Each structure stands twice: as C-alpha cells, then as structure tokens.
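Below: one structure, written as structure tokens.
Every chain is numbered from 1, with letters handed out A, B, ... down the list of sequences. Being a predicted model, the structure only gives us computed values, none of them experimental.
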Amino acid sequence: MDYKIPDIEKSFEGKITENLGNNEYVIKINDDEHKLKIINMNSKGIEFILDQNYHRAKYLEQSTNEMNLVIDNVPITLNTNAHFDEIVYKNTGGGGSGNAQLSLKSQIPGKVVSIAVADGDSVKKGDVVCTLESMKMQVAVKAHKDGSIKSIKIKEGGTVAKGDPVADIE
Amino acid sequence: MDYKIPDIEKSFEGKITENLGNNEYVIKINDDEHKLKIINMNSKGIEFILDQNYHRAKYLEQSTNEMNLVIDNVPITLNTNAHFDEIVYKNTGGGGSGNAQLSLKSQIPGKVVSIAVADGDSVKKGDVVCTLESMKMQVAVKAHKDGSIKSIKIKEGGTVAKGDPVADIE
Amino acid sequence: MIEKVLIANRGEIALRVIRTCKVLGIKTVAVYSDEDRNSLHVKQATEAYHIGEAAPAKSYLNQEKIMEVMLSSGTDAVHPGYGFLSENDDFARLCEKNKINFIGPSADSMDLCGDKMKCKDAMLKADVPTVPGSPGLVKDADDAEKIANKIGYPVMLKSVYGGGGRGIRIVTNDKELHEGYESVTGESIAAVGKSAILVEKFLEKTRHIEYQMARDTHGNTVHIFERECSIQRRNQKLIEQTPSPAVDDETRARIGEIVCRAADAVDYTNLGTAEFLRADNGEFYFIEINARLQVEHPITELVSGLDLVKLQLDIANGEPIPFKQSDLKMNGYAIECRINAEDTFLDFAPSTGPVPDVTIPAGPSVRCDTYLFPGCSVSPFYDSLMAKLCTWGQTFEESRTRMLSALNDFYIQGVETSIPLYKTILNSDEYKNGELSTDFLKRHDMIERLTKDLKKEKEEKSDAALAAAIIYSEYFKSRIQTRVGNNSNWKNKLG
Amino acid sequence: MIEKVLIANRGEIALRVIRTCKVLGIKTVAVYSDEDRNSLHVKQATEAYHIGEAAPAKSYLNQEKIMEVMLSSGTDAVHPGYGFLSENDDFARLCEKNKINFIGPSADSMDLCGDKMKCKDAMLKADVPTVPGSPGLVKDADDAEKIANKIGYPVMLKSVYGGGGRGIRIVTNDKELHEGYESVTGESIAAVGKSAILVEKFLEKTRHIEYQMARDTHGNTVHIFERECSIQRRNQKLIEQTPSPAVDDETRARIGEIVCRAADAVDYTNLGTAEFLRADNGEFYFIEINARLQVEHPITELVSGLDLVKLQLDIANGEPIPFKQSDLKMNGYAIECRINAEDTFLDFAPSTGPVPDVTIPAGPSVRCDTYLFPGCSVSPFYDSLMAKLCTWGQTFEESRTRMLSALNDFYIQGVETSIPLYKTILNSDEYKNGELSTDFLKRHDMIERLTKDLKKEKEEKSDAALAAAIIYSEYFKSRIQTRVGNNSNWKNKLG
C-alpha cells in the first residue's frame, strides 16, 4: 500500500511481510523491515511496540483516501490509496450495478448497537441502516441501493453473523 | 419504593413526586422533599445536583433485590423492595438450616499453598482450612463454623477466585 | 471568620479557590451559566447555583444575580478570581453594602488602582518610578516637544482614546514629533471624535517583570518576589517564570521595597501584583497594580511554599500577615506555561469545541491547574486558557527540562493548543539563556522555528504512523473474513 | 556517563525512575513479564523488552535474562528499584562482571549490609548504637540470664531460625527467662531441627525512624533528614512522614552524624536508608541499612527539593555529591500514604483484579506516584502497593489536611484499598498530636474507629444514594418505552 504524509512531502510503501504469531508481525516500510507487536487495539486506536519502542496511535476521522491519526500525541495525516470503506461497501452488495438483491446482508458479524431506520422509511444507497459493534469498533452498515425499508431483520442489542440479512429494501 | 442500607440498619421510602422539566425533579425520601437536577446520565452512572449539592453515582452490579453503587467515592449497597427477609437469610446461610452456610468460601483470590484438613476431619470455627498465596503473602482461610469437612473443593498448587468454595463443612 | 465562600468565577481559577477552601474546611458555593452545567467547578464545590445564560453579561458579570445567590445561600465572603468582576469596584462596593466579605482590596483602593492617571499620580508622590513622560495630557505639539527633549528621544505619542496599537506613534526627533502629533490627533478624531495626547518615553527590548505583593488590614506589606512574564503574544502573557534571569538579590530587594511603597500609596489590602517594565539598561518603571489574584500566582507558590489563596482568606479575615519579609526565602525555580486553546498559525485565533480525550501531565514537581477532563468542552464564550502547567526545579535547568517533559505528556484532543509553540520556545537557546523581551516571539522568529520543529517531529513519527495505518488496514480486511468479533479473537485470527 | 538505563523493576518505581531519566535526556529500557504487557512502564520507557512469565522468578528475578537484555540493548547502567533484585549482591556482582553500572552500592557493601550479624559488628566498631543484647548467639540459658541482667529486663529471646513472630518470647525476670529459653529452643527444633538463640532488649512503644543517606565514590557522606514510618501493619509501613514529630534539630543533627558514620562503616555508595528504633525514652537504636532507594523516598524529595533518582545517577556516574550537609535545609512537612490493594477488614488480605475506573488526585503540593490507569489491573503476582500519595505543606497541619482532601479525591474501582483506613488515621487526635508508635493501629483501635467512620459516611450519603437509585429505576422503566437508547434522548423522554 502507498502512503504520503503531506507535510513532509515523502512517500512510503508499507506492508505486512510476515506474521510471527503472538500478535507479532514483520512490516516493511520502503526498504526497511520492522518488528511490530500489538499490545492493545480497538477501532479507536492501537498501542504497539515497533522495534522495541512503544507507540500509541489514536485513529481520528478516516476517509477513502485520507487517514488522520495522532501518534504519541503528534497529529499526522496520511494520504492513502487504500479503499477499505469501499471494500466493505462492495461486500455488502453496493458498488456494482446489481441492484436486484432484496436483502441487505451484513458482511461482518457483530452486535447491533443502533438501528437508524424504521419500517417504511425510504433510504438512499449509502444511507446508514444500522450500526454494529465488532471488535470494540462501531461500523455502519449502509443501504446497498435506493428504496424503502420493507422489513428489519435485526433488533438492538442482538447479534448478527456474517451474511445475516439486516433488512429488506425494496 | 422501599430501600434498606444494610450497614446502617435504616429503611427508606423514596419516589419521584414531581417532574419539573429541564431534567429537574422533586423526589421524596421518607418525609423530606428534595430537588434533584440531572447533569449527566447513562447506564453506568449519574451526575446530579440534589438540593444544590453535586453528587456522582456509579452503578455497579444490580440484581432484582440489591443495588450496588458508588456515590461520591463511597460504595453503598441498597436492598430494594420487599425481599429483605430473603436477603438476610441468604447472607447468613443460604440453603438449609437457618444459621449455617455449607460452603466455606474464599474471600480472596490466590494460589493454594497448603491444605490443612482432610475429608472427614472435624474443625472448629476459626481453624485453618487452607493457606493461599496472593501478592507474596500467605493468608489462611479459616472455618466459618464448627463441623466436619465434607468435601474439599481445592487442591494444592491450584488457584481460587474470590468467592470460590474451598470446602463444605457440615 | 469566613466559613462559606462564593466563587464568582469559573474554570481553573474557581477550582483553584475551591481546593484551598476544601483543605481549610471552608464551604464553597459555585455559580454556573448554562454553558458550565457540566463543568468541574460545579462538581467540586459544596453547593452550586445556576445564574444564567452562557454570555458573561448574563451570568458571571450579573452582579445582582450573584448577590442574590450569596444572600440566599448564607455566604459570608466572595472570591472573584481574575477577570469577570474581580476588578470591578462597583461589585466590591455592592459587597461592602451587603456585608459580604469581598476577598480583595477595598472598592476605593480598587478604584484608585484602576484609574491610570490617578494611580500614576499616587506613585509619583510615593517616589515610585513610572515611565518618564508628560505628567498628564499635553497642551499641543510644542508642549510635547518640550517634554520629549526633557526625557529624551525616542518617545511615544499616545492618544488616551486609542488602544491596541492604534493612536500610537513612535518618534525619534522634533520633526517626526510634529508630524506624528498631527497624525495621531487626526486618527483619534477620526475614530472617536476627540483627541487627548500623552507623551511617554519609548522603551525598546523591554521585559515585563511583576511583583507579587500582599498587604493586610493592619498596614503590613510584603512582596513575595518577582515573576518575569516577558514571553507574550498580543500583550498577553504566555510563559512566566520566577526568579527572573534579570533580577539579582540586590535588585529583588530594592524593587521589592518600591513595591511595598506602591501598595501603601494606594492603601491596598489583600494580594495584588505590581507590574513593571524593565528597560534594557536595567531601569524598572512601574506600570500598574493588578488588584486581584493573578493567573500566574502558582509559580510564586512553588518558590515561596505559600498557599496564596489561604493568605487571601487570612487577610480577608482581618488577620495580620503571618510572616515578615525577612521570613520569606526564595526556593528554586518555577515556570508556568499557559495552555491556551488557540491556533498558533492563525495568529493565535481561539479554537473551541468538545475535548473527547485529554491526558493531564503529573509527576514530581509538576503542577497543572486545569478545568479539562475527558468529555469536557472548550466554550467560545470564555477565555482560551484551558490549563496552567507549572514545573519547579532546584535549578532553572531542572524546571525547564521538567516543563518540556510535561509538555510532551500533555495531550488535548479536539482543539488546537499552544503546547507545540512552548516546546519550541523552551528548547531555544535564547530562552535557555534568559534573553527575554516582550517581543521575544517576533525577535527570535519563533513561529518559523515551530514550523520546522513540527515537520521534524512528523518525520520522526512517520514510521510509527505508517505502522499504525498498515495495521488499521489489515484490521479492516480481516474483519470481513472473521466470524467471531471480539478484539482478542481478531488478534488471534490475524496472528 | 550513563546514557541508557535499564530498569529492572515494574510498577510505580519503574515509572519514577523513567521520569527522571526523561527529564535528564537519558534513554530508558523497560523489561516486562507476560502479566505486565499492558503496564505503563512499558509504554513510557524508550524501549521495552519482554523477559518472561508472570511469576517473579521467571521474569523480574531472572538475572540471566535481564543481563541478556542489557547486553543486547546497549544499556550501560541498571536501576534495580526496590524489591526484586535491588538488594541481591549476586546480581550486583554479575553487573560488575559485565561492566554494567549497577545504580546502588557495591556487591561487597551490599553483602555486608545484608548480613545482620556482620553489619551489627561493623556498627559496634563504628560506635553506632544498636539494640542492646548478646553480641552473637548465647551458649545456654545461664549465658542468656547473664546478658539479660546486664541489659535489664524485659528482654526478647529470639531464635535466629524464627521469623514473623515465631520463635520469639518476651520475658521479664530470670524465672520467665529460663522457662522461655526452653520453649523457644523447643519450638525452633520442632520447626527447623535446630536452635540458636539471641537475647535482645525488648523495647516498648517504639517508633520506626529512618534516615535517608547518600555516599559518593569519593567518600563524601550526607544524611537527608529522617522519615518517621511508625504507622505499620504486620511490620509493613503504611504512612510515613517527615520531619518526625519526635525529632528536633539537635536530635536530627546528632543522629544524622551517626548515620554518616554507619554509611562509612560499611563503605556504602549511592543512596541508602539507615533504619532506627526509637525507644519511648528517646534513645535511638540502629537496626539495619536498606541498600536501595526506599518506597517512601518522595517525602524526602518534597522537603529537600532534591531529585533522589538524579542524585543516584550522579553518584553512579562517579560524581561527587553536589552539595554539603550544611547546604541542606528542611523545607516544610510531607506525608506519604501507601495506597495498597488490600482489605482492611480481612486482616489486610490482598485484593486483586481489574480496575475499570480510577481517579488520581492532583493539585498544588499533591504528588501521586502510581501505575494505575483506568482499565489496568492489580496483579496477584506482585506486591499490593498501587500508589504512593504524598502531600507537602508549609506546616504539618497543611500537609495533613491536604492529604485528607487528596484521599477523598482518590477513587479506585474494583479492588479494596487502604484509603478509608488512612482517612480515619489522619483524622485521629493521636495522629494529629504525633503520638506515633509501631503498634499505633492496635493501640488506638483504628479498625474499630474505621468501622464507625464508614457507617457515618454511609449515613451521610444515604439520601444521595437513594436519589441515584430512584432515578436508576425510573431510567429502566422509561427505557422500555423509549425507542432510541442514547443518553440525551432518554433525558428528553424522562423530562
């Protein structure tokens, strides 16, 4: 994956090259390999040891091509070519032209934190239908097409497995 | 609703008598009316001003007839409703014959260093039943009543959690 | 004896006063605006009363409402903090009328301190040196020229109706003076319809040095050493320290005596601060008395061991100051950084909003007075001071390095802060060497240096940032393949 | 010059050492067990290395592993903290062999301090008073009687193989002595198969008073005043203070000189503590030297202004102590409360587990050294000290009331703590009047008083608790009717 930190006009290429188990990884940044050990992680941040040095990162707002994080109290913006949100979106049935699918299915397992719509509500493609909590992270499940909510298949506090229908959208 | 705070042997009757709007209420505790204003609240706790005095309560474990909360850093247990008799009964013995609980329970977590009794031994209240190690300290667990050891629930080298039964004494 | 104090203020200073009262067993009454319902001072006071809307005029400046709370709550004294009503002699008078002990000087003394002309007069009589210049308004340009020649060029022509740099002209000879007189008069008339001009000696590369002083109702006066507050932006202090690198023992005692004379001259009671300009040649000129507890009082507490709020209460109780000048010994070095919610790169424009997360530095010889807590917010209605970070050291170097370490530990999410600027300043050789002046920031290009420091810091953190980003991406990828969704399980899957 | 220090410890003391190193720009290396992966010392050090399983023998006592980390990480010094390897002369010797600067005394000096018989010998030679008794083991009951009569009854018969109160008998006359001799011998033989008995004067109502001392490699020795640590449970200190109410200036200087002699007698280097028993008649008796930085060192820092960890580093660097005895001035009063995870009512049994929430006190003249943070946990593998809460005051009363205020602010969820007990102690007249002794808790029925205080506290809070409970019930009722379950919505519904 390619990254750029605008303020320092420098490009980086980074990836995980090896999984050592026990939450330890080898990552490669440009030409240098680093050992990384995860201490704690959730959707809001990560604590890790990189080459024996402890770091704490908080993840702030993310968009498809920008990541904002605070690392060891230093705010840093990264421009990325990574399209995670799109990946999730694609897997929920969005993206392509396949609008025929009735059910919006959750591509991730999780606990239903909140439901943003009610039966009969009309939604547009990309509107948030519900929020799931997974791995301590809250993730919005978005409508895969325009339509109206026909039937909600989940309830607050319940859990959904991967592939479970969230709601029918007609 | 009726409440009792066991440690101070006092009964209370309390209810909301008026909703003043803007998160302000009048509540009545026994014969006195108090003005209460909610500053913040969620399922884990509440911050409020009672008669111009700020208080912060954290809600800990709740059961149908017991509430545990920490108010201004002071832990308080409230017994609720009409189940007082049952609670007193449970706390002093649990099942069976009124005055004696069967299981001796460990009040602390630790590693079992040694067991001082064997099945069938007769013990007196205060006799050492086993020794636990916790934080480099050895702590004796003592019989809570006279009787004979019916069944030992632990083994040397094993660990016990707080509240785990150590042995049954009959 | 004071038994219940209302604090007619908010933020860190309200908390500061509450803390001392708590330790002394004195009850406290907080007042709060709509905006401050969730603020710490409401939570830490014995009682708290709502006094109005967010805008200061509707709450913290609402004398009648505050008096109403005092009377109905059985309060016997009021601590005004700084700002708001602290130097309002009408309020002090209202308290006197209602037999509420106002913790500060009398209304008359406050009035005298607040009126710059009358105060200067009193100081001249008491032989307190003020900035040389016309004793009052000048009649005309010729009169101004006469005075300028007496005190020596460069001089400043100042319209009394100006302010904030407007209606001020620095001139270096008679010709410039006459030209300047015309334009200042014109500017002033254009702006406010009238003109009244003062002449004052223009001092270059000045330091702002002030003295903490205390005077009791029995007429005992002491000074509690100086504070140097030269590092400023737009005439507002950013970093203070004590002792001043420009003050030796002899100077401390000599100016200290002048400070006591100044306090006597205005019949001051309670704690106050005498502010001076120190010219580059070492001369001190009195500017004004701040008739209240000062923002930067903690550094004086750190080197004197005194609790200044307790001293205020003692004096308000009519007790004599419990020590003599000779009992006071200056112990070590202290620095204060005012942690403001402001954007250094936007000309220090205020930055407000919610603060979801905050880490407050602590540790040996670190003191942080702040109203911040995770989940609080910085209100646009009040000033930008979020925290006062102070460190003490046996040596100046120790206090400085402790401050740097504490600044590194300080994390405030959601608003821009002055913390990065302070790191640049404290790391500069000029600061280390005590080469301070009120134009320090500009004189030493601190903003440019800050830009470089920030870039360097980012470079240093780039590998770690990238590692965090990579893990974040992998996390999202793996989520899609994983069935059971808790954190440790995820890690096992990824592992 | 030391440039990189490994801290062979965990918890608050590791953090304490890291903090000074940070301020001095010295790199730090943390080591951690499985149990401590998420601990603060790992996060605050420059580098961190995993060294093994939770059990101390597998990690923090694993000399070889720690040495391996030191050698591979390019560490040039090791700070042992207290406990673990801090007084292990084998480890000190291993460091000497590997040319790692051990921040503490030499292995030989440590060995001498650790051997009670040899140490006592050295002290007797240096004219340092020790508790009167047999110079070594007694031959038989008659020998014991002879000594008892020389030093005067009551005396203590002590089996060298005893410990924790076992194998000790207090006797008040010859008859009791002969009976006691038999039984102590019997007990000792029954327990360990052999017997060896010492005779020592039994001292009643003793105070535990210790002196901080420092000695450099050039032979300069200073004492940094006393600490009184009389408030104990099971021979473990709970509350310490300095100055001791039983030590005046003359005594401080007189015993201080003895302390310096004691340090010289064992050729001590770096910081150490000389412990004394003070009998009720005012006599001081040397007990032992603690050859390390002490838990309670912060109160000495508060009254001396010194950074004792910095002083340790300076001495380890071979520098002379940068001040003379006469330069040291005691400034004010300091108290430390050891905040332990223990249940006062279960005979101080340890209490362990997760700490989901914690509020750490702060404020002027409050210092809290702790490893706690919200979400941390208290491990059963290590000792129960979670935090050291220290306050300073210009007077004893100021330090005491500040401590009470700070104790009130301290909240630790999830484990039982000694905080309530400390509030009861600090509020007692006996503590206020400085009537301290090592049996303070029992002598003054502190546990019973605590029970009453807790009941009173609950009574005071009962209305507020009830109000919180009522609202909670309403909340649950209303939640059932409410569709969207967030806080503000609920409030609107309920409102």
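- C:K461 NZ to A:D72 CG: the interatomic distance, rounded to the nearest 0.5 Å, is 3.5 Å.
- Contact annotation for A:L20: neither backbone nor side-chain heavy atoms come within less than 4.5 Å of a heavy atom of chain C.
- When each of A:I71, A:N73, A:L78 is checked for heavy-atom pairs under 4.5 Å with chain C, A:N73 comes out on top.
- Within the 3.5 Å criterion, the main-chain N or O of C:A468 finds a donor-acceptor partner in the side chain of A:Y59.
- Applying the 6.0 Å contact sphere to NZ of A:K35 captures no more than 12 heavy atoms from other residues, nucleotides or ligands.
- Atom CD in C:E474 sits 4.0 Å away from atom CD1 in A:I16 (nearest 0.5 Å).
- Note: C:I471 CD1 to A:Y25 OH = 6.0 Å, rounded to the nearest 0.5 Å.
- For chain A, the nearby part of C:D357 is the side chain; its heavy atoms alone come within less than 4.5 Å.
- In this structure, C:D463 contributes its side chain and A:I29 its backbone to no donor-acceptor pair below 3.5 Å.
- Contact annotation for A:K15: only backbone heavy atoms (N, CA, C, O) come within less than 4.5 Å of a heavy atom of chain C.
- The minimum heavy-atom distance between A:I27 and C:A467, with the atom names listed, is CD1-CB, 3.4 Å.
- A:I5 contributes atom CD1, which lies 12.0 Å from atom NZ of C:K455 (distance to the nearest 0.5 angstrom).
- In this structure, CG in C:L466 is found 7.5 Å from CG in A:N30, a value given to the nearest 0.5 Å.
- When the candidates A:L36, A:L60, A:N53, A:T159 are compared by the number of heavy-atom contacts under 4.5 Å with chain C, A:L36 comes out ahead.
- C:Q413 touches chain A through its side chain: at least one heavy atom from C-beta onward sits under 4.5 Å away, while N, CA, C and O do not.
- The minimum heavy-atom distance between A:P75 and C:K458, with the atom names listed, is O-CE, 3.3 Å.
- In this structure, OH on C:Y472 lies 8.0 Å from CE on A:M41, to the nearest 0.5 angstrom.
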